[in-house]
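Since the structure comes first, as structure tokens, the remarks are kept for the end.
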2 protein chains.
Amino acid sequence: MSEIGRPRSQAAHDAVLKAALRLVTKRGFRSVSVNEIAAEAGVGKMTLYRHWPNKAALVMDALLVLIGSETDFPEAGSAIESLRQQLDLQAAFFRSSRGNLIRSLVAEAQSDPELAIAFRERWVNPRREGVHQIMRAAVAEGSLRSDIDIDTAIDLLYGSLYYRLLLGAGALDERFVDTIYDQFLEGHGASAQALDKVRARR
Amino acid sequence: MSEIGRPRSQAAHDAVLKAALRLVTKRGFRSVSVNEIAAEAGVGKMTLYRHWPNKAALVMDALLVLIGSETDFPEAGSAIESLRQQLDLQAAFFRSSRGNLIRSLVAEAQSDPELAIAFRERWVNPRREGVHQIMRAAVAEGSLRSDIDIDTAIDLLYGSLYYRLLLGAGALDERFVDTIYDQFLEGHGASAQALDKVRARR
DNA sequence: ATGGATTCGATACCTTCGGTATCGTTAGGG
DNA sequence: CCCTAACGATACCGAAGGTATCGAATCCAT
């Protein structure tokens, strides 16, 4: 297990990640060049390409390493409350400069199959799994109806957030989160299930 | 009022639109070059740029002119049935090679503000307006609860379709449409409203 | 310590692509 | 019939992602 030659510089690695995050969140993926990122990091272009195979992989890493935890589930008194707070958090995340990063990566992924897979497996799926868990807990605590189709529910709730982020179809404010959350509970809250039983009894 | 000089060739115009549609639906926006489109159309590059200011505007036009009507609302016995059929139609549209075109334009719009505006105003908004009308009709015929927030309902339903199209998070098949439609009616169908009244009476 | 292997930052370079400029040629309205 | 603008073709420009190569620096193994 040879460790021959000069070792990789962790400082350079970190500086490039930070520079990439700063520039891309601010101005977007396409309008930031690799030369700029290297210059901002005070690093040679070839050093950058020794650490990442291409621009997309670098920015994807910057997202995961530097701000991946910003959408973690907050602690809350109940699962359903935690879900609600995470929806707000996700909307705030999209509304902030981080939103540019997500928009950029989704856009780039449309013409870069490798990036598409990486984004789905390393960003989307882990977060879906988190929502999945919390929804199962919400079912267990009796806040959501037990016959809910969780995957589709996630598509509806989080799909609408991505829709507004990418299509610019409307504000990603708390009022919007309020509304989709209310509409969601209207159909999937435990009280809706109770009402179904009323209907069934008739 | 002057019509001096050689007139624009409608044949060239149409050939470029057709070539752009064919190539971009097949291979995607980024991997098709303007040179290819011009060659495929049997047209000089400068002729292309005399008819459209840039590649994005051309492809946007191809979408609207050639296949804009493919997502029109089908005739159906009731408004709610028409809504359901249009959802299926939209999913089939996204699932077909047309989906590549939409994905390409949404992606490109993330770094092209003019295209973003054009796509929203010329594609998204007109179709949202169609859904809006049909949902109002569904309320009027008693198929949807009268207190529905239509704009948010559109975000939920169609947002989830765009989400699956762009994130590749799952199949856009009829089963999926079935499920989101059922979940939608669960919360917003008129019977749900009736059940609310049962709850209120207690 | 010293030498070999590898990374470092810097810079020149290659290729591709969107878009422009310029040819001589062609069509048609005044 | 002729003047003007569009036509197809092609050369060109600038920006950008990625590669190649440089001498210098750094660490491990001997």
Side-chain angles (χ1 to χ4, degrees), chain A residues 1-20 23-24 27-62 104-105 107-115 118, chain B residues 1-20 23-24 27-62 104-105 107-115 118:
Chain A
M1 309 293 73
S2 43
E3 285 285 345
I4 346 174
R6 179 174 178 172
R8 295 279 177 90
S9 161
Q10 186 65 40
H13 190 92
D14 296 348
V16 172
L17 280 179
K18 267 187 67 175
L23 290 173
V24 175
R27 314 215 318 263
F29 187 91
R30 296 294 296 282
S31 49
V32 172
S33 73
V34 176
N35 282 334
E36 271 182 292
I37 296 176
E40 168 93 2
V43 149
K45 198 176 178 179
M46 264 316 287
T47 299
L48 188 154
Y49 278 104
R50 254 183 231 103
H51 288 248
W52 295 272
N54 53 55
K55 186 181 171 187
L58 160 62
V59 175
M60 184 75 219
D61 257 22
S104 292
L105 286 170
E108 217 56 23
Q110 303 310 314
S111 57
D112 181 342
E114 281 190 39
L115 175 62
Chain B
M1 314 286 89
S2 41
E3 284 287 344
I4 337 176
R6 181 175 175 172
R8 293 277 178 92
S9 160
Q10 185 65 39
H13 189 92
D14 295 347
V16 172
L17 279 180
K18 266 188 68 175
L23 290 174
V24 175
R27 313 212 321 260
F29 187 91
R30 295 293 296 283
S31 49
V32 172
S33 72
V34 176
N35 282 334
E36 272 182 291
I37 296 176
E40 168 93 3
V43 149
K45 199 175 176 180
M46 262 318 286
T47 299
L48 190 155
Y49 278 103
R50 254 183 231 106
H51 287 249
W52 294 273
N54 52 55
K55 188 182 170 187
L58 160 62
V59 175
M60 184 74 220
D61 256 22
S104 291
L105 286 170
E108 216 55 24
Q110 302 310 314
S111 58
D112 181 342
E114 279 189 40
L115 175 61

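Any value given below was found using the heavy atoms of this structure, including those in side chains, with hydrogens, waters and symmetry copies removed. Chain identifiers are assigned alphabetically (A, B, ...) following the order of the sequence lines, protein sequences preceding nucleic acid strands; residue numbering begins at 1 within each chain. All of these numbers come straight from a predicted model, not from anything done at the bench.
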Please give, in whole Å, the distance from [N] [atom2] to [X] [atom1]?
X: B:Glu36; N: D:dG8; atom1: CD; atom2: P; answer: 18 Å
X: B:Arg8; N: D:dA6; atom1: CZ; atom2: P; answer: 5 Å
X: A:Leu115; N: D:dG17; atom1: CG; atom2: P; answer: 14 Å
X: A:Ile4; N: D:dA25; atom1: CD1; atom2: P; answer: 22 Å
X: B:His13; N: D:dG8; atom1: NE2; atom2: P; answer: 13 Å
X: B:Glu3; N: D:dA5; atom1: CD; atom2: C1'; answer: 11 Å

Open item on the list: Go nucleotide by nucleotide along DNA chain D from the 5' end; which of A:Pro7 and A:Asn54 gets its closest nucleotide reached first?
Closed with: A:Asn54

Task: Most 5' of B:Gly5 and B:Gln10 on DNA chain D, judged by nearest nucleotide - done: B:Gly5

Task: Donor-acceptor contact present, side-chain A:Arg8 to main-chain A:His13, <3.5 Å - done: no

- [ ] For B:Asn35, report the nucleic acid contact type (base, sugar-phosphate, nothing); a contact means any heavy atom under 4.0 Å.
- [x] nothing

Exercise: identify the closest heavy-atom pair between [X] and [Y]:
X: B:Ile37; Y: B:Leu48; value: CG2-CD1, 4.1 Å
X: B:Ser104; Y: B:Gly28; value: OG-CA, 3.8 Å
X: A:Trp52; Y: A:Asp61; value: NE1-OD2, 3.0 Å
X: A:Glu40; Y: A:Ala19; value: CG-CB, 3.4 Å

Task: Pairing residues for A:Ala11 by the side chain to side chain contact (heavy atoms under 4.5 Å, CB included) criterion, not counting sequence neighbours - done: A:Ser9

Open item on the list: By nearest heavy atom, map A:Ser9 and B:Ala56 onto DNA chain C; which one lands nearer the 5' end?
Closed with: A:Ser9

Enter the distance from [X]:[atom1] to [Y]:[atom2] here, rounded to the nearest 0.5 Å.
X: A:Glu114; Y: A:Glu108; atom1: CD; atom2: CD; result: 13.0 Å
X: A:Asn54; Y: A:Met60; atom1: CG; atom2: CE; result: 12.0 Å
X: B:Gln110; Y: A:Gln110; atom1: CD; atom2: CD; result: 9.0 Å

Task: Any residue of residues 37-52 of chain A with a heavy atom less than 4.0 Å from an atom of DNA chain C - done: A:Gly42, A:Val43, A:Gly44, A:Met46, A:Thr47, A:Arg50, A:His51

Task: End-to-end axis angle, where each axis spans five pairs of the helix from C:dA1-D:dT30 to C:dG30-D:dC1, to 10° - done: 10°

Task: Check: C:dT7 base within 3.5 Å donor-acceptor of A:Arg6 side chain - done: yes

